[in-house]
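Step one of this worksheet: look at the structure below.
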Protein chains: 2
Amino acid sequence: MAENNSNFMSGVPELLILRLVREKEMYGYELVQAIRERSRDAIALGEGVIYPVLHALERDGALSSSRKTVNGRSRVYYALTAAGAQRLDDLAGNWSRLTGAIQSILVGVQHA
Amino acid sequence: MAENNSNFMSGVPELLILRLVREKEMYGYELVQAIRERSRDAIALGEGVIYPVLHALERDGALSSSRKTVNGRSRVYYALTAAGAQRLDDLAGNWSRLTGAIQSILVGVQHA
DNA sequence: CATTATACCTCGCGCTGCAAGGTATTGACC
DNA sequence: GGTCAATACCTTGCAGCGCGAGGTATAATG
């Protein structure tokens, strides 16, 4: 029963988080803004999306957390683990295959 | 209260159906196979996905249906309406903006 | 004459994204 | 000193979508 169902278009928030954290340690509130800014407001994931995903990723061993105080601000920083890097690769591969397939339908490529 | 919520990644089945029907009238069973074949098995939407979407699109005036008998086979063909064409354009535009934004995060584009 | 393919349909569930709410601390402003 | 906005964390509950699973009927196949 350890199978992961989920529908074919889901898991994008997870993918974005893993990708951003790969570059440097980040905390939840920072991720919320980073996604909004980097996507130029095309994607606006709120805290109600980000925090639960972070907790799930840590539970699964894809991220590790460490509480730090910076500028008198207490933050929970998340870093990518080896397992997380693997998971990122998998998700990115799936995403690329999926969007490629959709694109080929949208542009009406000649289908053998 | 006639607002359409739905999450930011949903509506892809709808988009694919509208796009395929734009080229020629199609029926449900045909769409199921067309999507699978054109995506080279990357996307496999079953009838439990396709039929409800077709009904919703017709209800919304994006598709019109006509029962026809071909080769002794009774089929419900769906054709794109003007409203449907408009909706297709909207969805395709959104999709393109969305995937562009995701892509820019994935490749790590320099964010002003 | 049974099985497979065609063709339609619906019910019900799981999961995800998300809004909405809640807490606590810091800095700014008057 | 008091108020407000921003920072930073968190959880609950629900709506909606995708989808498996099931059901019907007819035509073709062997």
Side-chain angles (χ1 to χ4, degrees), chain A residues 1-17 25-37 39 42-60 63 65-78 91 94-95 98 102, chain B residues 1-17 25-37 39 42-60 63 65-78 91 94-95 98 102:
Chain A
M1 300 266 188
E3 278 314 313
N4 197 6
N5 272 358
S6 83
N7 95 49
F8 82 112
M9 283 310 299
S10 66
V12 174
E14 189 182 330
L15 171 60
L16 295 179
I17 289 173
E25 283 194 332
M26 287 182 124
Y27 54 97
Y29 194 80
E30 185 183 16
L31 281 162
V32 170
Q33 296 170 316
I35 290 173
R36 195 185 312 244
E37 286 164 14
S39 73
I43 307 173
L45 300 178
E47 309 179 23
V49 175
I50 298 300
Y51 287 115
V53 172
L54 285 175
H55 300 332
L57 285 172
E58 183 178 20
R59 195 191 318 118
D60 294 353
L63 294 180
S65 72
S66 56
R67 182 145 221 132
K68 293 177 184 172
T69 298
V70 181
N71 297 339
R73 286 281 172 193
S74 178
R75 299 168 177 166
V76 181
Y77 280 86
Y78 291 90
L91 286 176
N94 277 336
W95 175 251
L98 203 69
I102 292 172
Chain B
M1 299 269 186
E3 279 313 311
N4 198 6
N5 274 359
S6 81
N7 95 51
F8 81 113
M9 282 311 300
S10 66
V12 174
E14 189 182 329
L15 170 60
L16 295 179
I17 289 173
E25 283 194 331
M26 286 182 124
Y27 54 99
Y29 194 81
E30 185 183 15
L31 281 161
V32 170
Q33 296 170 316
I35 290 173
R36 195 185 313 242
E37 287 165 14
S39 73
I43 306 173
L45 300 177
E47 308 179 23
V49 176
I50 298 301
Y51 287 115
V53 173
L54 285 173
H55 300 332
L57 286 173
E58 183 178 21
R59 196 191 319 118
D60 295 353
L63 294 180
S65 72
S66 56
R67 183 144 220 133
K68 294 177 183 171
T69 298
V70 180
N71 297 340
R73 287 279 173 196
S74 177
R75 300 168 178 165
V76 182
Y77 280 86
Y78 291 89
L91 286 176
N94 278 335
W95 175 250
L98 202 70
I102 292 171

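Below, chain A is the first sequence line, B the second, and so on; all start at residue 1.
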[X] has a side chain; which of [options] sits nearest to it?
| X | options | value |
| --- | --- | --- |
| A:Phe8 | C:dT16, D:dG18, D:dA8 | D:dG18 |
| A:Pro13 | D:dC19, C:dG17, C:dT10 | C:dG17 |
| B:Val49 | D:dG18, C:dC8, D:dC9 | D:dG18 |
| A:Ser10 | C:dG17, D:dC10, C:dC9 | C:dG17 |
| A:Tyr51 | D:dC10, D:dG18, C:dT6 | D:dC10 |

Separation of [N] [atom2] from [X] [atom1] (nearest whole Å):
| X | N | atom1 | atom2 | answer |
| --- | --- | --- | --- | --- |
| B:Asn71 | D:dA28 | CG | P | 8 Å |
| A:Glu58 | D:dC10 | CD | C1' | 14 Å |
| A:Ile102 | D:dG18 | CD1 | C1' | 14 Å |
| A:Tyr27 | D:dA8 | OH | P | 4 Å |
| B:Ile50 | C:dT10 | CD1 | C1' | 15 Å |
| B:Asn7 | C:dG14 | CG | P | 19 Å |

Checking only heavy atoms, does the side chain of A:Glu47 share a donor-acceptor pair with the base of C:dC18 at less than 3.5 Å?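 Looking at the base of C:dC18, it does not pair with any donor or acceptor on the side chain of A:Glu47 (distance under 3.5 Å).
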base_contact_polar (D:dT26 base, B:Arg73 side chain, donor-acceptor, <3.5 Å):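 When only heavy-atom distances are counted, B:Arg73 does reach the base of D:dT26 through a donor-acceptor pair under 3.5 Å.
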Please walk me through it: do B:Ile43 and A:Leu98 pass side-chain contact (heavy atoms from CB on, under 4.5 Å)? CA-CA 7 Å; B:Ile43 306 173; A:Leu98 203 69; 4.1 Å; yes
Between A:Lys68 and A:Glu25 (salt bridge meaning N to carboxylate O under 4.0 Å), is one present in this structure? yes
Between A:Gly48 and B:Val76, whichever has its closest DNA chain C nucleotide further toward 5' is B:Val76
Can you find a side chain N or O atom of [X] that sits less than 4.0 Å from OP1 or OP2 on [N]?
| X | N | answer |
| --- | --- | --- |
| B:Gln33 | C:dT6 | yes |
| B:His55 | C:dC8 | no |
| B:Tyr29 | C:dT6 | yes |

So how far is it from B:Leu45 CG to B:Ile35 CD1, rounded to the nearest 0.5 Å? 5.0 Å
What is the ring orientation for A:His55 with A:Tyr78, classed by angle as parallel under 30°, tilted 30 to 60°, or perpendicular over 60°?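 Because their plane-to-plane angle lies in the 30° to 60° range, the rings of A:His55 and A:Tyr78 count as tilted.
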Going through the distances and angles, do B:Leu54 and B:Val76 end up as a side-chain contact (heavy atoms from CB on, under 4.5 Å)? CA-CA 10 Å; B:Leu54 285 173; B:Val76 182; over 6 Å; no
